[in-house]
Colleague: 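Just dropping this structure here.
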Amino acid sequence: MALSSLATLCSSPPVSAVRDSPAVSNLNGLSPVADDAAAPSAFLRSGGGGGDLKEIKQLHCRVAKKGPTHNNELIAKCAEVGTPESLDYALKVFEGWKEDECVAGSLFVCNSLIRACSFAGLGERAILVFVRMLEMGVMPDKYTFPFLLSACTKVSWFREGVQVHGAIVKMGFAGDMFVANTLIHFHFECGDVVDGRRLFDKMPERNVVSWTSLICGYSRRDCPKEAVSLFFDMVEAGAVPNSVTMVCVIAACAKLQDLKLGERVHSYIGNLDIEPNGHMVSALVDMYMKCGAFVTAKRIFDCCVERNLVLYNTIMSHYVKRGMAREALAVLDEMLEQGPQPDRVTMLSAISASAALNELFFGKACHGYILRNGLQEKDDNINNAMIDMYMKCGESGLACTIFNSMSNKTVVSWNSLLAGYVKIGDVRSTREIFDEMPERDLVSWNIMIGGLVQESLFEEAIEFFRMMQREGIKADKVTIVSVASACGNLGSLGLAKWIYHYTEENVIERDMLLDTAFVDMFGRCGDPKMAVQIFEKMEKRDVSSWTAIICAMATEGNGKQALELFKEMLTQGVEPDDVTFVGLLTACSHSGLVEQGRRLFQSMEEVYGISPKVVHYGCVVDLLGRAGLLEEALDFIKSMPIEPNDIIWGSLLSSCRTHKNVEIAAYAANRSPELTSDRTGIPVVLSNIYASEGKWSEVAKVRLKMKERGMHKVPGSSSTEVNGVVHQFSSGDESHPEMSRIAQMLDEINCKLRDAGHVPDLRNVLLDVDDHEKKFLLSRHSEKLAIAYTLISTGQKMPVRVVKNLRTCSDCHTYAKLVSKVYDREISIRDNNRFHFFKEGFCSCGDFW
DNA sequence: GTAGGGTTAG
């Protein structure tokens with residue numbers, strides 16, 4: 001942590017506003033001992049201008065009786081000082097001016113005053129001066145208008161600007177190049193691209209500023225392509241770009257995120273012999289960062305000795321965006337030691353960095369600094385960023401205090417709060433805020449949908465997506481990434497196809513992230529062909545894209561293909577991450593590739609420097625257990641350097657079930673920490689193992705234990721989609737409206753299967769009842785209900801797709817195989833672990849799962 | 001005298 005920064009941030013002299021701050025009481029308690037002497041002087045500087053105003057007043061007293069000429073002197077002095085106070089003072093003097101006091105030189109003074117107002121960003125005062133000078137009969141000249149118009153532009157006073165434009169034309173100054181240049185700028189800032197361009201085209205002669213205004217205008221109006229192409233036109237036309245032109249065109253390249261183009265434009269700086277300045281360095285660093293050329297950007301930053309505020313802010317914001325929050329704070333450290341005084345943009349990055357690092361202490365220090373310097377006044381962004389920071393640091397109370405104190409809550413303020421509650425996982429508050437919002441935009445919906453997905457409320461996420469459509473909000477790629485994830489988790493191929501077509505029909509921008517989400521979605525929905533098709537068409541693929549396709553292969557049970565893809569990924573120079581290994585190990589496990597799995601696990605740390613997490617150990621336990629190597633799996637667990645969790649023991653247990661090993665099962669169950677927690681997986685599996693071996697007294701013991709702890713078994717449930725409607729069945733469920741037809745069908749299937757030689761495996765019934773009852777219960781497993789319903793509700797040869805919440809039992813597996821043959825239907829069952837594709841009596845898993 | 005870089009939420 002940047003301690004010196006903290007010390008400095010906390011030791012600045014407080015102003016009255018700090019006392020009213022919600023955070024301040026805490027901050028005062030936390031602040032290191034104030035040591036003003038150690039703080040950089042810039043930090044202690046007060047507002048400035050107070051002394052100058054005193055000087056102005058003294059001057060006023062001295063010249064008061066000397067006549068009108070001296071008023072000029074006084075106003076010129078005010079303009080020179082240029083603070084709001086001094087300009088107000090000038091206006092007051094100006095107000096008292098009488099017409100006959102105007103003398104030669106007054107026009108010059110008025111122009112200077114308007115110029116000063118424009119510089120200070122005080123458009124209103126500039127207009128006042130202009131109106132007053134007209135009243136007094138001081139006629140403006142061509143020097144009056146550029147600053148007057150630019151003052152209007154700066155404060156977005158477009159109505160007044162249009163009036164000024166009228167005055168310009170009436171008074172005959174429209175032909176002046178300087179005035180025309182300002183008019184171009186004004187029109188572009190109004191959003192009036194066409195008129196701006198027309199003005200440029202009509203100019204009889206142009207200078208570098210004319211070109212630059214046009215290039216800048218296009219770039220800022222989100223037409224960076226036109227901006228860059230105009231730059232080349234300009235060079236072609238023989239006009240010589242200067243450093244301002246370069247800044248504008250570099251900014252346009254940054255917007256395009258086109259590194260090649262950026263480098264080409266960069267080379268002009270040397271070729272045209274343009275002296276590099278601070279503005280240009282900042283623009284270049286920003287451009288290279290936005291184009292992903294981090295090393296080049298960093299080199300330019302490091303080489304620059306005279307680092308100005310914007311350059312620091314640029315590098316800081318990019319560090320934060322790239323997840324390098326510590327580095328961002330190190331930059332702040334350097335600024336506080338030697339550099340320019342941090343401003344509101346600096347603090348926005350500092351707050352973001354605090355939020356990313358969960359550094360509440362530092363965040364509060366930033367809050368204090370912001371209040372002491374009044375940076376939060378008139379700046380909603382700062383307040384919004386602080387809401388975000390406090391929410392991320394777990395201080396929802398402080399976040400709400402800031403939120404409630406804001407007089408001008410924008411949709412962004414609401415969204416920041418909303419996103420904060422999503423991050424804590426507080427679905428109820430999120431929903432309440434969402435309902436309470438006076439206005440919702442695309443981001444609000446995206447936060448809500450993303451939040452529901454995060455909380456595994458996939459159906460609700462889809463429902464919100466539909467609601468969003470009904471309200472006429474057009475989804476973007478961020479929405480679709482969340483929705484695709486929801487579809488993938490629901491495993492509904494119909495929904496997946498629908499959302500995919502929605503994206504194509506609505507021409508929603510595709511990027512690597514979205515394509516990767518689609519690959520993942522189709523992988524999970526049992527359409528690996530589609531996943532591969534999308535993957536192959538991708539222009540750029542990162543580690544997540546490769547991982548998604550590897551996982552798709554793993555889910556399908558295509559271990560060999562998964563390993564092939566991994567090889568290809570390495571050839572293309574993409575480094576695997578820990579998630580990639582989850583996919584690879586799962587793939588090996590599902591395909592019985594024990595040796596390959598062992599080797600991959602070994603290589604994780606040795607070759608790729610990735611320390612295995614619990615989930616990877618779980619995969620290996622699964623790999624060994626499924627292959628029947630239960631002793632080795634147990635030894636492996638015993639040798640783990642980290643504490644095995646419920647999932648590890650659960651995985652071993654379920655292998656014990658498959659391979660009927662009661663001893664190891666009992667051992668594992670007793671080691672599992674879950675028996676003392678309130679989740680149910682392990683006791684259920686254990687009781688199932690005892691049940692399948694007919695050890696009913698043991699079953700009763702485990703069940704009693706569960707009951708005492710208030711646990712209950714999660715009921716098996718399967719869903720299937722028929723004509724776009726999802727039908728849900730739970731085990732033994734008779735509530736479906738078409739239950740009598742389903743029962744009839746179940747009987748028919750049972751007869752046909754019996755004729756085909758199928759004997760129900762009654763060990764799958766985990767209750768102590770007679771065989772007749774067992775047969776009945778077995779025939780009502782949820783996947784069987786779903787299969788039967790789909791068979792009677794869909795046409796011949798239509799595939800049957802079932803999604804199950806638990807692992808499918810061995811009887812249902814055999815059942816599905818035979819149904820696929822007897823009824824000549826392709827059947828897929830996605831259980832909580834993988835896909836099974838049944839066709840002509842065989843399953844894609846090769847009975848290995 | 002006109003034109004320029006960095007900005008919060010998904």
Side-chain angles (χ1 to χ4, degrees), chain A residues 108 111-112 114-115 118 141-150 153 173 176-186 188-189 206-217 219-220 241-252 254 277-287 289-290 308-318 320-321 343-349 351-352 355 379-389 391-392 410-420 422-423 441-451 453-454 475-479 481-482:
Chain A
F108 178 79
N111 285 348
S112 316
I114 290 173
R115 175 171 175 260
S118 169
D141 65 357
K142 61 177 185 177
Y143 297 105
T144 311
F145 291 106
F147 283 121
L148 182 62
L149 200 54
S150 120
T153 314
F173 294 116
D176 181 78
M177 197 202 295
F178 287 83
V179 174
N181 289 344
T182 328
L183 277 169
I184 292 174
H185 177 65
F186 172 73
F188 271 98
E189 288 295 300
R206 302 165 182 136
N207 65 5
V208 57
V209 179
S210 324
W211 282 100
T212 307
S213 300
L214 195 67
I215 291 170
C216 170
S219 175
R220 287 167 69 116
N242 63 17
S243 60
V244 182
T245 322
M246 294 318 296
V247 168
C248 298
V249 70
I250 292 165
N277 64 14
H279 277 88
M280 237 155 68
V281 175
S282 312
L284 279 171
V285 169
D286 184 55
M287 182 273 287
M289 285 287 195
K290 287 204 173 113
N308 63 31
L309 179 63
V310 176
L311 180 58
Y312 275 119
N313 287 347
T314 306
I315 198 101
M316 252 183 96
S317 84
H318 283 290
V320 175
K321 274 186 197 136
D343 71 347
R344 28 188 286 283
V345 181
T346 322
M347 295 323 288
L348 278 172
S349 292
I351 294 167
S352 280
D379 189 354
D380 298 329
N381 292 348
I382 287 268
N383 285 316
N384 295 337
M386 286 198 290
I387 292 171
D388 175 59
M389 181 272 293
M391 287 303 293
K392 281 182 182 155
T410 62
V411 67
V412 180
S413 324
W414 283 93
N415 286 344
S416 303
L417 201 67
L418 192 69
V422 163
K423 284 205 182 82
D441 65 359
L442 175 61
V443 175
S444 324
W445 286 94
N446 285 346
I447 293 169
M448 201 62 213
I449 294 171
V453 170
Q454 179 195 296
D476 71 352
K477 57 184 180 187
V478 181
T479 326
V481 167
S482 294

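Just so it is clear: chains get the letters A, B, ... in the order the sequence lines come, proteins before strands, and each one is counted from 1.
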Colleague: With a 4.0 Å cut-off on heavy atoms, is A:D176 in touch with a base, just the backbone sugar-phosphate, or nothing at all?
Modeller: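 If one applies the 4.0 Å heavy-atom cut-off, A:D176 turns out to touch a base.
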Colleague: Return no unless some side-chain N or O of A:S150 is found under 4.0 Å from OP1 or OP2 of B:dA3.
Modeller: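 Result: yes.
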Colleague: Using whole Å, report how far CD1 of A:I387 lies from P of B:dT7.
Modeller: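 One finds 20 Å between P of B:dT7 and CD1 of A:I387, rounded.
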Colleague: Can you find a side chain N or O atom of A:K321 that sits less than 4.0 Å from OP1 or OP2 on B:dT7?
Modeller: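 Indeed, a polar side-chain atom of A:K321 lies that close.
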Colleague: Holding to side chain to side chain donor-acceptor pair (under 3.5 Å), I want the full list of residues that pass it with A:T212, two or more places apart in sequence or in another chain.
Modeller: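 Per chain and number, A:T212 pairs via side chain to side chain donor-acceptor pair (under 3.5 Å) with A:T245.
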Colleague: Nearest to the side chain of A:A283 - B:dG4, B:dG5, B:dA9?
Modeller: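 So the side chain of A:A283 is nearest to B:dG5.
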Colleague: When you check the phosphate oxygens OP1 and OP2 of B:dA3, does a side-chain N or O of A:R206 lie under 4.0 Å from one of them?
Modeller: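 Negative; the distance criterion is not met.
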Colleague: Could you tell me which residues satisfy side chain to side chain donor-acceptor pair (under 3.5 Å) with A:T153, sequence neighbours excluded, listed by chain and number?
Modeller: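 In terms of side chain to side chain donor-acceptor pair (under 3.5 Å), with neighbours along the sequence ignored, A:T153 is linked to no residue.
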Colleague: Rounded off to whole Å, could you give me the CG-to-C1' distance for the A:D141 and B:dT2 pair?
Modeller: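 It is 14 Å, rounded to the nearest whole Å.
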Colleague: Under 3.5 Å, is there an N or O donor on one side and an acceptor on the other linking the side chain of A:N381 and the base of B:dT7?
Modeller: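 Between B:dT7 and A:N381, which were checked side chain against base, a qualifying N/O pair under 3.5 Å is present.
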Colleague: Within the 4.0 Å heavy-atom criterion, would you say A:H279 contacts the bases, only the backbone, or no part of the nucleic acid?
Modeller: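 Base contact - A:H279 has a heavy atom under 4.0 Å of at least one base atom.
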Colleague: Please work out if A:N308 contacts a base, only the sugar-phosphate, or nothing of the nucleic acid, heavy-atom cut-off 4.0 Å.
Modeller: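 Base contact.
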Colleague: Under the criteria of a ring-centre distance below 5.5 Å and an interplanar angle below 30°, is A:Y143 stacked with the base of B:dG1?
Modeller: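 Not stacked: fails the 5.5 Å / 30° test.
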Colleague: Using every non-hydrogen atom in the two residues, find where A:S352 and A:V320 come nearest and quote the distance to one decimal.
Modeller: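 So the minimum-distance heavy-atom pair works out to CB-CG1, 3.4 Å.
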Colleague: For A:S118 and A:S150, test the side chains for any donor-to-acceptor distance below 3.5 angstrom and give the result as yes or no.
Modeller: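 Per modelled atom types, A:S118 and A:S150 side chains form a pair under 3.5 Å.
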